[in-house]
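Keep in mind it's a predicted model, so treat the numbers as computed, not measured.
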Amino acid sequence: MKKLLYTVMCCCALASCTNLDSERYDAINPDFFPTNEKDAEALVVGGVYAPFRSAEYSGVFSTAHSFQVIGDMSTDIAVCCWVNDSWIPLTTHNWTPNHSYTTLNYTDYAKYLGTMTLTLDRISNVEMSDEKKALLVAETHLGRGWLAFLLYDFYGPIPIPTLEDLKNPLDEVIEPRATQEEMTNFIETELTESLKGLPTRTTQFGRFDKGLAYTILMKYYMHEKNWAKAEECGRELLKAEYGYGLMDRYADIFTLENEGNKEIIFACTEERGTNLQLWHDHALPGNYPTQNTAIQKWDGYKVPWPFYRTFEEGDDRLSVLVGEYVGADGVLFNEESDIAKHGNLYSGAVPVKYGEDPESTGDGSQIDLVVYRYADVLTLLSEAIVRKGNAVTSEALDLLNQVRVRAKLNPYTMGDVKGVDDFLQKVLDERGHELWFEGVRRSDLIRHGQFIQNARDRGCTTTKDEFVLFPLPQAVINEGKGKIVQNPGY
(Lines give C-alpha, C1' and ligand atoms only; values in the text may rest on other atoms or scores of the structure.)
Protein backbone atom coordinates (compact mmCIF):
# COMPACT_ATOMS: atom_id res chain seq x y z
CA MET A 1 0.00 0.00 0.00
CA LYS A 2 2.88 2.36 0.74
CA LYS A 3 4.35 1.61 -2.66
CA LEU A 4 1.10 2.79 -4.21
CA LEU A 5 1.12 6.03 -2.26
CA TYR A 6 4.68 6.74 -3.31
CA THR A 7 3.92 6.07 -6.96
CA VAL A 8 0.89 8.37 -6.87
CA MET A 9 3.06 11.13 -5.46
CA CYS A 10 5.30 10.93 -8.51
CA CYS A 11 2.35 10.92 -10.89
CA CYS A 12 0.76 13.96 -9.25
CA ALA A 13 3.91 16.01 -9.72
CA LEU A 14 3.96 15.13 -13.39
CA ALA A 15 0.28 16.02 -13.76
CA SER A 16 0.72 19.55 -12.45
CA CYS A 17 -0.66 22.32 -14.62
CA THR A 18 2.33 24.46 -13.64
CA ASN A 19 4.96 24.66 -16.39
CA LEU A 20 8.05 22.71 -15.29
CA ASP A 21 10.08 23.59 -18.38
CA SER A 22 12.54 20.92 -19.51
CA GLU A 23 13.55 19.55 -16.12
CA ARG A 24 12.83 15.85 -15.60
CA TYR A 25 10.66 14.77 -12.70
CA ASP A 26 10.04 11.15 -13.70
CA ALA A 27 11.05 10.20 -10.15
CA ILE A 28 10.89 12.31 -7.02
CA ASN A 29 14.15 12.40 -5.12
CA PRO A 30 14.09 14.92 -2.28
CA ASP A 31 17.80 15.56 -2.86
CA PHE A 32 17.03 17.43 -6.08
CA PHE A 33 13.26 18.08 -6.02
CA PRO A 34 11.89 20.35 -4.80
CA THR A 35 14.79 22.77 -4.54
CA ASN A 36 13.20 26.17 -5.16
CA GLU A 37 9.94 28.06 -4.90
CA LYS A 38 8.89 27.08 -8.40
CA ASP A 39 9.33 23.40 -7.57
CA ALA A 40 7.39 23.77 -4.32
CA GLU A 41 4.53 25.49 -6.11
CA ALA A 42 4.43 22.69 -8.69
CA LEU A 43 4.38 20.09 -5.96
CA VAL A 44 1.44 21.71 -4.17
CA VAL A 45 -0.56 22.28 -7.35
CA GLY A 46 0.09 18.74 -8.55
CA GLY A 47 -0.23 16.94 -5.23
CA VAL A 48 -2.61 18.96 -3.08
CA TYR A 49 -5.01 20.56 -5.53
CA ALA A 50 -5.11 17.53 -7.81
CA PRO A 51 -8.07 15.68 -6.23
CA PHE A 52 -10.23 18.82 -5.81
CA ARG A 53 -11.30 19.11 -9.41
CA SER A 54 -14.10 18.34 -11.82
CA ALA A 55 -12.26 17.06 -14.86
CA GLU A 56 -14.65 14.93 -16.90
CA TYR A 57 -14.66 11.61 -14.98
CA SER A 58 -11.85 12.56 -12.63
CA GLY A 59 -11.81 14.48 -9.34
CA VAL A 60 -13.74 14.40 -6.10
CA PHE A 61 -16.22 16.84 -7.65
CA SER A 62 -16.58 15.25 -11.08
CA THR A 63 -20.11 15.39 -12.41
CA ALA A 64 -19.98 11.66 -13.10
CA HIS A 65 -19.56 10.01 -9.69
CA SER A 66 -18.33 12.59 -7.20
CA PHE A 67 -18.94 12.90 -3.49
CA GLN A 68 -21.75 15.29 -4.43
CA VAL A 69 -23.46 13.00 -6.93
CA ILE A 70 -23.02 9.72 -5.04
CA GLY A 71 -24.22 11.27 -1.78
CA ASP A 72 -27.33 12.82 -3.29
CA MET A 73 -28.15 9.65 -5.25
CA SER A 74 -28.60 7.80 -1.94
CA THR A 75 -31.39 10.21 -0.95
CA ASP A 76 -34.82 11.36 -2.12
CA ILE A 77 -33.35 14.27 -4.07
CA ALA A 78 -31.62 12.52 -6.97
CA VAL A 79 -31.93 9.52 -9.24
CA CYS A 80 -30.32 8.30 -12.46
CA CYS A 81 -32.37 7.02 -15.39
CA TRP A 82 -29.57 4.67 -16.48
CA VAL A 83 -30.91 1.60 -14.74
CA ASN A 84 -27.80 -0.53 -14.27
CA ASP A 85 -25.73 -2.13 -11.52
CA SER A 86 -23.83 1.08 -10.87
CA TRP A 87 -26.82 3.34 -10.16
CA ILE A 88 -29.61 1.05 -8.91
CA PRO A 89 -27.91 0.19 -5.58
CA LEU A 90 -27.62 3.89 -4.73
CA THR A 91 -31.34 4.50 -5.18
CA THR A 92 -32.41 1.29 -3.43
CA HIS A 93 -29.79 1.24 -0.64
CA ASN A 94 -28.60 -2.14 -1.80
CA TRP A 95 -24.86 -1.47 -2.00
CA THR A 96 -22.07 -3.79 -0.85
CA PRO A 97 -18.28 -3.48 -0.30
CA ASN A 98 -17.89 -4.59 -3.93
CA HIS A 99 -20.18 -1.91 -5.36
CA SER A 100 -17.96 0.43 -7.37
CA TYR A 101 -19.82 3.72 -6.98
CA THR A 102 -20.11 3.68 -3.19
CA THR A 103 -16.45 2.72 -2.77
CA LEU A 104 -14.61 4.43 -5.62
CA ASN A 105 -14.09 7.73 -3.79
CA TYR A 106 -12.13 5.81 -1.17
CA THR A 107 -10.25 3.79 -3.78
CA ASP A 108 -9.36 6.80 -5.90
CA TYR A 109 -8.65 9.51 -3.32
CA ALA A 110 -7.70 8.17 0.11
CA LYS A 111 -4.15 7.73 -1.18
CA TYR A 112 -3.86 11.51 -1.63
CA LEU A 113 -3.58 11.90 2.14
CA GLY A 114 -0.16 10.30 1.84
CA THR A 115 0.67 12.47 -1.15
CA MET A 116 -0.13 15.61 0.83
CA THR A 117 1.80 14.45 3.89
CA LEU A 118 4.91 13.93 1.74
CA THR A 119 4.33 17.29 0.07
CA LEU A 120 4.23 19.05 3.42
CA ASP A 121 7.53 17.47 4.41
CA ARG A 122 9.25 18.18 1.10
CA ILE A 123 8.39 21.86 0.91
CA SER A 124 9.40 22.48 4.54
CA ASN A 125 13.12 22.83 3.73
CA VAL A 126 12.81 24.73 0.46
CA GLU A 127 14.20 28.25 0.50
CA MET A 128 11.52 30.79 -0.40
CA SER A 129 9.88 33.85 1.10
CA ASP A 130 8.23 33.34 4.46
CA GLU A 131 4.92 34.51 3.00
CA LYS A 132 5.02 32.03 0.12
CA LYS A 133 6.04 29.14 2.35
CA ALA A 134 3.27 29.95 4.82
CA LEU A 135 0.75 29.93 1.95
CA LEU A 136 1.91 26.61 0.49
CA VAL A 137 2.01 24.98 3.92
CA ALA A 138 -1.47 26.30 4.69
CA GLU A 139 -2.86 25.04 1.37
CA THR A 140 -1.43 21.60 2.09
CA HIS A 141 -2.93 21.50 5.59
CA LEU A 142 -6.31 22.53 4.19
CA GLY A 143 -6.10 19.89 1.47
CA ARG A 144 -5.37 17.17 4.03
CA GLY A 145 -8.13 18.30 6.38
CA TRP A 146 -10.71 18.75 3.62
CA LEU A 147 -10.07 15.41 1.97
CA ALA A 148 -9.99 13.64 5.35
CA PHE A 149 -13.37 15.19 6.20
CA LEU A 150 -14.96 14.14 2.89
CA LEU A 151 -13.75 10.58 3.40
CA TYR A 152 -14.74 10.56 7.07
CA ASP A 153 -18.25 11.73 6.20
CA PHE A 154 -18.66 8.84 3.73
CA TYR A 155 -16.72 6.05 5.42
CA GLY A 156 -16.03 6.97 9.04
CA PRO A 157 -12.46 6.90 10.42
CA ILE A 158 -9.88 5.74 7.89
CA PRO A 159 -6.16 4.92 8.05
CA ILE A 160 -4.05 8.08 8.34
CA PRO A 161 -0.60 7.46 6.85
CA THR A 162 2.37 8.60 8.90
CA LEU A 163 5.37 10.40 7.46
CA GLU A 164 7.72 7.74 8.80
CA ASP A 165 5.90 4.97 6.95
CA LEU A 166 5.63 7.01 3.77
CA LYS A 167 9.38 7.59 3.78
CA ASN A 168 9.95 3.85 3.98
CA PRO A 169 7.66 2.51 1.24
CA LEU A 170 9.34 -0.90 1.11
CA ASP A 171 8.45 -1.74 4.71
CA GLU A 172 4.91 -2.81 3.69
CA VAL A 173 3.38 -1.36 6.86
CA ILE A 174 -0.41 -1.70 7.09
CA GLU A 175 -1.85 1.30 8.86
CA PRO A 176 -5.05 0.46 10.80
CA ARG A 177 -8.05 2.73 10.76
CA ALA A 178 -7.77 5.74 13.04
CA THR A 179 -9.89 5.83 16.16
CA GLN A 180 -12.82 8.23 16.24
CA GLU A 181 -10.82 10.64 18.39
CA GLU A 182 -7.72 10.42 16.20
CA MET A 183 -9.76 11.04 13.07
CA THR A 184 -11.67 14.04 14.36
CA ASN A 185 -8.55 15.55 15.94
CA PHE A 186 -6.70 15.18 12.64
CA ILE A 187 -9.44 16.91 10.63
CA GLU A 188 -9.92 19.78 13.06
CA THR A 189 -6.19 20.32 13.55
CA GLU A 190 -5.43 20.37 9.84
CA LEU A 191 -8.23 22.81 9.04
CA THR A 192 -7.44 25.20 11.90
CA GLU A 193 -3.73 25.05 11.09
CA SER A 194 -4.48 26.13 7.54
CA LEU A 195 -5.98 29.40 8.76
CA LYS A 196 -2.51 30.65 9.76
CA GLY A 197 -1.24 31.14 6.22
CA LEU A 198 -4.30 31.56 4.00
CA PRO A 199 -5.58 34.90 2.70
CA THR A 200 -9.04 35.95 3.82
CA ARG A 201 -10.23 35.86 0.21
CA THR A 202 -7.97 34.67 -2.56
CA THR A 203 -7.19 36.95 -5.48
CA GLN A 204 -6.57 33.90 -7.68
CA PHE A 205 -9.98 32.32 -8.08
CA GLY A 206 -9.80 28.59 -7.55
CA ARG A 207 -7.07 28.72 -4.89
CA PHE A 208 -7.79 27.95 -1.24
CA ASP A 209 -8.51 30.75 1.23
CA LYS A 210 -9.86 31.31 4.74
CA GLY A 211 -13.41 31.52 3.45
CA LEU A 212 -13.14 27.97 2.20
CA ALA A 213 -11.39 26.79 5.37
CA TYR A 214 -14.09 28.23 7.64
CA THR A 215 -16.81 26.74 5.42
CA ILE A 216 -15.32 23.26 5.69
CA LEU A 217 -14.80 23.72 9.43
CA MET A 218 -18.43 24.75 9.77
CA LYS A 219 -19.57 21.64 7.92
CA TYR A 220 -17.28 19.49 10.07
CA TYR A 221 -18.65 20.98 13.30
CA MET A 222 -22.22 20.47 12.09
CA HIS A 223 -21.31 16.84 11.34
CA GLU A 224 -19.99 16.47 14.90
CA LYS A 225 -23.00 18.37 16.31
CA ASN A 226 -20.75 20.98 17.86
CA TRP A 227 -23.29 23.72 17.34
CA ALA A 228 -21.36 26.44 19.16
CA LYS A 229 -18.25 26.11 17.02
CA ALA A 230 -20.32 25.78 13.86
CA GLU A 231 -22.01 29.04 14.78
CA GLU A 232 -18.62 30.72 15.30
CA CYS A 233 -17.52 29.70 11.82
CA GLY A 234 -20.77 30.89 10.28
CA ARG A 235 -20.54 34.26 11.98
CA GLU A 236 -16.97 34.63 10.77
CA LEU A 237 -18.13 34.16 7.19
CA LEU A 238 -20.76 36.90 7.60
CA LYS A 239 -18.03 39.52 8.10
CA ALA A 240 -17.73 42.17 5.42
CA GLU A 241 -14.07 41.41 4.67
CA TYR A 242 -15.06 38.10 3.07
CA GLY A 243 -17.34 39.87 0.63
CA TYR A 244 -19.88 37.06 0.33
CA GLY A 245 -23.52 37.67 -0.52
CA LEU A 246 -26.49 36.18 -2.32
CA MET A 247 -26.94 36.74 -6.02
CA ASP A 248 -30.22 38.42 -6.93
CA ARG A 249 -31.38 35.50 -9.09
CA TYR A 250 -30.80 31.82 -8.36
CA ALA A 251 -30.07 30.94 -11.99
CA ASP A 252 -27.33 33.56 -12.22
CA ILE A 253 -25.13 31.68 -9.75
CA PHE A 254 -24.36 28.95 -12.26
CA THR A 255 -23.58 30.78 -15.51
CA LEU A 256 -20.47 31.45 -17.55
CA GLU A 257 -21.06 35.18 -17.33
CA ASN A 258 -21.07 35.17 -13.53
CA GLU A 259 -18.15 32.88 -12.75
CA GLY A 260 -16.48 33.90 -9.51
CA ASN A 261 -19.58 35.73 -8.29
CA LYS A 262 -20.01 36.88 -4.69
CA GLU A 263 -22.02 33.82 -3.66
CA ILE A 264 -19.37 31.26 -4.59
CA ILE A 265 -16.99 30.18 -1.84
CA PHE A 266 -15.22 27.53 -3.91
CA ALA A 267 -15.62 26.24 -7.45
CA CYS A 268 -13.66 23.97 -9.75
CA THR A 269 -12.30 26.48 -12.21
CA GLU A 270 -10.65 26.40 -15.59
CA GLU A 271 -8.08 28.89 -14.27
CA ARG A 272 -6.24 25.97 -12.71
CA GLY A 273 -6.66 23.85 -15.84
CA THR A 274 -8.72 21.29 -13.96
CA ASN A 275 -12.29 21.87 -14.99
CA LEU A 276 -14.29 20.26 -17.76
CA GLN A 277 -17.57 19.40 -16.14
CA LEU A 278 -20.14 17.17 -17.78
CA TRP A 279 -23.30 18.36 -16.04
CA HIS A 280 -25.53 18.95 -19.04
CA ASP A 281 -24.26 15.77 -20.67
CA HIS A 282 -25.52 13.79 -17.68
CA ALA A 283 -28.69 15.75 -16.89
CA LEU A 284 -30.40 16.88 -20.09
CA PRO A 285 -32.80 14.63 -22.03
CA GLY A 286 -31.99 14.22 -25.70
CA ASN A 287 -34.78 16.51 -26.88
CA TYR A 288 -34.21 19.28 -24.32
CA PRO A 289 -34.10 22.57 -26.27
CA THR A 290 -30.76 24.39 -26.09
CA GLN A 291 -29.41 27.28 -28.12
CA ASN A 292 -26.16 25.39 -28.60
CA THR A 293 -27.32 22.23 -30.34
CA ALA A 294 -23.87 20.65 -30.05
CA ILE A 295 -24.31 20.05 -26.30
CA GLN A 296 -24.42 16.35 -25.52
CA LYS A 297 -27.60 15.15 -23.75
CA TRP A 298 -27.64 11.69 -22.24
CA ASP A 299 -30.90 11.77 -20.23
CA GLY A 300 -29.41 10.59 -16.93
CA TYR A 301 -29.88 12.59 -13.75
CA LYS A 302 -33.31 13.61 -12.45
CA VAL A 303 -34.85 15.11 -9.32
CA PRO A 304 -37.58 12.58 -8.43
CA TRP A 305 -41.15 13.73 -8.89
CA PRO A 306 -42.19 13.28 -5.22
CA PHE A 307 -39.44 15.69 -4.15
CA TYR A 308 -40.14 18.06 -7.03
CA ARG A 309 -43.72 18.36 -5.84
CA THR A 310 -42.56 19.65 -2.43
CA PHE A 311 -41.51 22.98 -3.98
CA GLU A 312 -43.89 25.89 -3.38
CA GLU A 313 -45.64 27.47 -6.32
CA GLY A 314 -43.66 30.42 -7.67
CA ASP A 315 -40.31 29.21 -6.31
CA ASP A 316 -37.73 30.85 -8.58
CA ARG A 317 -35.42 27.85 -8.22
CA LEU A 318 -37.80 25.97 -10.50
CA SER A 319 -36.53 28.15 -13.36
CA VAL A 320 -33.60 25.73 -13.64
CA LEU A 321 -35.33 22.61 -12.30
CA VAL A 322 -37.67 21.91 -15.16
CA GLY A 323 -40.82 19.83 -14.78
CA GLU A 324 -42.35 20.52 -18.17
CA TYR A 325 -41.12 21.63 -21.58
CA VAL A 326 -41.80 21.09 -25.28
CA GLY A 327 -38.80 19.37 -26.79
CA ALA A 328 -36.92 20.36 -29.90
CA ASP A 329 -38.80 17.50 -31.57
CA GLY A 330 -42.16 18.96 -30.53
CA VAL A 331 -42.80 16.27 -27.92
CA LEU A 332 -44.11 17.35 -24.52
CA PHE A 333 -42.04 16.38 -21.48
CA ASN A 334 -43.85 16.26 -18.13
CA GLU A 335 -44.32 13.92 -15.18
CA GLU A 336 -46.72 11.68 -17.07
CA SER A 337 -44.54 11.24 -20.14
CA ASP A 338 -41.38 10.79 -18.08
CA ILE A 339 -42.90 8.09 -15.87
CA ALA A 340 -44.19 6.34 -18.98
CA LYS A 341 -40.62 6.24 -20.31
CA HIS A 342 -38.59 5.58 -17.14
CA GLY A 343 -41.06 4.27 -14.56
CA ASN A 344 -41.93 5.70 -11.14
CA LEU A 345 -38.59 5.03 -9.46
CA TYR A 346 -36.18 6.37 -12.08
CA SER A 347 -37.87 9.50 -13.35
CA GLY A 348 -38.14 13.13 -12.34
CA ALA A 349 -37.74 16.80 -13.21
CA VAL A 350 -34.74 17.89 -15.27
CA PRO A 351 -31.97 19.42 -13.12
CA VAL A 352 -30.73 21.92 -15.71
CA LYS A 353 -28.97 23.95 -12.95
CA TYR A 354 -26.14 25.39 -15.08
CA GLY A 355 -26.28 27.83 -17.95
CA GLU A 356 -25.17 26.89 -21.43
CA ASP A 357 -21.60 26.97 -22.61
CA PRO A 358 -21.89 28.50 -26.08
CA GLU A 359 -18.44 27.17 -27.00
CA SER A 360 -19.17 23.55 -26.16
CA THR A 361 -18.60 21.34 -29.16
CA GLY A 362 -20.03 18.19 -27.58
CA ASP A 363 -18.97 16.65 -24.30
CA GLY A 364 -18.26 19.00 -21.44
CA SER A 365 -18.64 22.59 -20.35
CA GLN A 366 -16.07 25.15 -19.27
CA ILE A 367 -18.49 26.66 -16.72
CA ASP A 368 -17.10 26.41 -13.20
CA LEU A 369 -18.62 23.63 -11.14
CA VAL A 370 -19.85 25.17 -7.88
CA VAL A 371 -18.73 23.30 -4.75
CA TYR A 372 -19.65 25.58 -1.83
CA ARG A 373 -21.62 28.81 -1.71
CA TYR A 374 -22.98 31.39 0.69
CA ALA A 375 -26.58 30.16 0.80
CA ASP A 376 -25.24 26.93 2.30
CA VAL A 377 -23.56 28.92 5.08
CA LEU A 378 -26.63 31.05 5.82
CA THR A 379 -28.94 28.07 6.23
CA LEU A 380 -26.41 26.08 8.29
CA LEU A 381 -25.88 29.06 10.58
CA SER A 382 -29.62 29.41 11.03
CA GLU A 383 -29.79 25.76 12.07
CA ALA A 384 -26.75 25.97 14.36
CA ILE A 385 -28.14 28.97 16.25
CA VAL A 386 -31.42 27.21 16.96
CA ARG A 387 -29.81 23.90 17.88
CA LYS A 388 -27.34 25.56 20.25
CA GLY A 389 -29.94 27.55 22.12
CA ASN A 390 -32.83 25.11 21.64
CA ALA A 391 -34.97 28.09 20.73
CA VAL A 392 -36.08 29.78 17.52
CA THR A 393 -34.69 33.31 17.34
CA SER A 394 -35.54 36.18 15.04
CA GLU A 395 -31.94 36.14 13.79
CA ALA A 396 -32.16 32.47 12.80
CA LEU A 397 -35.46 33.13 11.05
CA ASP A 398 -33.96 36.09 9.18
CA LEU A 399 -31.01 34.03 7.97
CA LEU A 400 -33.34 31.38 6.58
CA ASN A 401 -35.62 34.02 5.08
CA GLN A 402 -32.76 35.58 3.11
CA VAL A 403 -32.64 32.43 1.02
CA ARG A 404 -36.42 32.18 0.74
CA VAL A 405 -36.83 35.79 -0.34
CA ARG A 406 -34.18 35.37 -3.00
CA ALA A 407 -36.28 32.45 -4.28
CA LYS A 408 -39.26 34.87 -4.52
CA LEU A 409 -41.11 33.16 -1.67
CA ASN A 410 -42.86 34.78 1.25
CA PRO A 411 -40.63 34.99 4.34
CA TYR A 412 -41.59 32.98 7.40
CA THR A 413 -42.94 34.83 10.41
CA MET A 414 -42.63 33.67 14.00
CA GLY A 415 -46.28 32.71 13.79
CA ASP A 416 -45.46 30.24 11.02
CA VAL A 417 -43.09 28.30 13.27
CA LYS A 418 -44.51 25.74 15.68
CA GLY A 419 -41.40 25.28 17.80
CA VAL A 420 -37.81 24.12 17.41
CA ASP A 421 -38.55 20.83 15.64
CA ASP A 422 -40.80 22.54 13.13
CA PHE A 423 -38.16 25.17 12.42
CA LEU A 424 -35.44 22.56 11.93
CA GLN A 425 -37.68 20.72 9.49
CA LYS A 426 -38.21 23.97 7.61
CA VAL A 427 -34.43 24.44 7.41
CA LEU A 428 -34.01 20.88 6.13
CA ASP A 429 -36.69 21.41 3.50
CA GLU A 430 -35.28 24.77 2.44
CA ARG A 431 -31.77 23.36 2.07
CA GLY A 432 -33.17 20.61 -0.12
CA HIS A 433 -34.90 23.11 -2.36
CA GLU A 434 -31.86 25.39 -2.48
CA LEU A 435 -28.97 22.94 -2.74
CA TRP A 436 -30.28 20.03 -4.85
CA PHE A 437 -27.48 18.11 -6.53
CA GLU A 438 -24.85 20.05 -4.56
CA GLY A 439 -24.04 17.14 -2.29
CA VAL A 440 -25.56 18.20 1.04
CA ARG A 441 -28.76 16.16 1.21
CA ARG A 442 -27.24 12.92 2.57
CA SER A 443 -25.36 14.63 5.41
CA ASP A 444 -28.40 16.83 6.15
CA LEU A 445 -30.73 13.84 6.46
CA ILE A 446 -28.22 11.98 8.64
CA ARG A 447 -27.78 14.99 10.94
CA HIS A 448 -31.55 15.30 11.27
CA GLY A 449 -31.89 11.58 11.97
CA GLN A 450 -33.98 10.97 8.83
CA PHE A 451 -31.64 9.31 6.33
CA ILE A 452 -32.56 5.67 6.88
CA GLN A 453 -36.26 6.31 7.45
CA ASN A 454 -36.33 8.47 4.33
CA ALA A 455 -35.01 5.49 2.35
CA ARG A 456 -37.57 3.13 3.89
CA ASP A 457 -40.36 5.59 3.13
CA ARG A 458 -39.25 5.46 -0.50
CA GLY A 459 -39.57 1.67 -0.48
CA CYS A 460 -35.97 0.63 0.18
CA THR A 461 -36.24 -2.79 1.83
CA THR A 462 -32.51 -3.56 1.98
CA THR A 463 -31.28 -0.51 3.87
CA LYS A 464 -29.90 -0.87 7.39
CA ASP A 465 -29.37 1.53 10.25
CA GLU A 466 -25.62 1.13 9.65
CA PHE A 467 -25.94 2.48 6.09
CA VAL A 468 -25.30 6.01 7.35
CA LEU A 469 -21.75 5.02 6.38
CA PHE A 470 -20.72 3.50 3.07
CA PRO A 471 -18.52 0.40 3.15
CA LEU A 472 -14.78 0.44 2.64
CA PRO A 473 -13.81 -1.36 -0.57
CA GLN A 474 -13.54 -5.11 -0.04
CA ALA A 475 -10.10 -5.03 -1.65
CA VAL A 476 -8.90 -2.71 1.13
CA ILE A 477 -10.23 -5.08 3.79
CA ASN A 478 -8.55 -8.03 2.08
CA GLU A 479 -5.23 -6.23 1.78
CA GLY A 480 -5.53 -5.11 5.39
CA LYS A 481 -5.02 -8.68 6.62
CA GLY A 482 -7.26 -8.17 9.63
CA LYS A 483 -5.77 -4.80 10.63
CA ILE A 484 -8.33 -2.80 8.65
CA VAL A 485 -11.84 -3.57 9.85
CA GLN A 486 -14.98 -3.13 7.74
CA ASN A 487 -17.79 -0.80 8.82
CA PRO A 488 -20.64 -2.47 10.76
CA GLY A 489 -23.51 -3.85 8.69
CA TYR A 490 -21.46 -5.08 5.74
(request) With sequence neighbours left out, write down each residue that passes side chain to side chain donor-acceptor pair (under 3.5 Å) with Asn261, or none if nothing qualifies. (result) none
(request) Report the residues that fulfil side chain to side chain donor-acceptor pair (under 3.5 Å) with Thr361, sequence neighbours left out, ordered by chain and then residue number. (result) none
(message) According to ring pair (Phe, Tyr, Trp, His ring centres under 6.0 Å), who are the partners of Tyr250, at least two apart in sequence or on a separate chain?
(response) Phe254
(message) Show every salt bridge (Lys or Arg N to Asp or Glu O under 4.0 Å) that has at least one partner inside residues 184-195, sequence neighbours left out.
(response) Arg144-Glu190, Glu188-Lys229, Glu193-Lys196
(message) Once salt bridge (Lys or Arg N to Asp or Glu O under 4.0 Å) is applied, what residue pairs with a partner in residues 250-259 remain, sequence neighbours excluded?
(response) Arg249-Asp252
(request) Measure up the Tyr242 and Tyr214 rings against each other and bin them: parallel (under 30°), tilted (30 to 60°), perpendicular (over 60°). (result) perpendicular
(request) Quick one: list whatever passes ring pair (Phe, Tyr, Trp, His ring centres under 6.0 Å) with Tyr152, sequence neighbours left out. (result) His223
(request) Report the residues that fulfil side chain to side chain donor-acceptor pair (under 3.5 Å) with Tyr155, sequence neighbours left out, ordered by chain and then residue number. (result) none
(request) Could you tell me which residues satisfy side chain to side chain donor-acceptor pair (under 3.5 Å) with His93, sequence neighbours excluded, listed by chain and number? (result) Thr463
(message) Test of understanding: with side chain to side chain contact (heavy atoms under 4.5 Å, CB included), list the residues that count as partners of Pro473, not counting sequence neighbours.
(response) Thr103, Tyr106, Thr107, Val476
(message) Checking Tyr372 now: which residues fulfil ring pair (Phe, Tyr, Trp, His ring centres under 6.0 Å) with it, not counting sequence neighbours?
(response) Trp146
(request) Not counting sequence neighbours, which residues clear side chain to side chain contact (heavy atoms under 4.5 Å, CB included) with Asp465? List them please. (result) Ile452, Arg456
(request) Output every pair passing salt bridge (Lys or Arg N to Asp or Glu O under 4.0 Å) with a member in residues 212-225, not counting sequence neighbours, ordered by first then second residue. (result) Lys219-Asp376
(request) Would you check if there is a donor-acceptor pair between the side chains of Gln277 and Tyr354 at a distance under 3.5 Å? (result) no
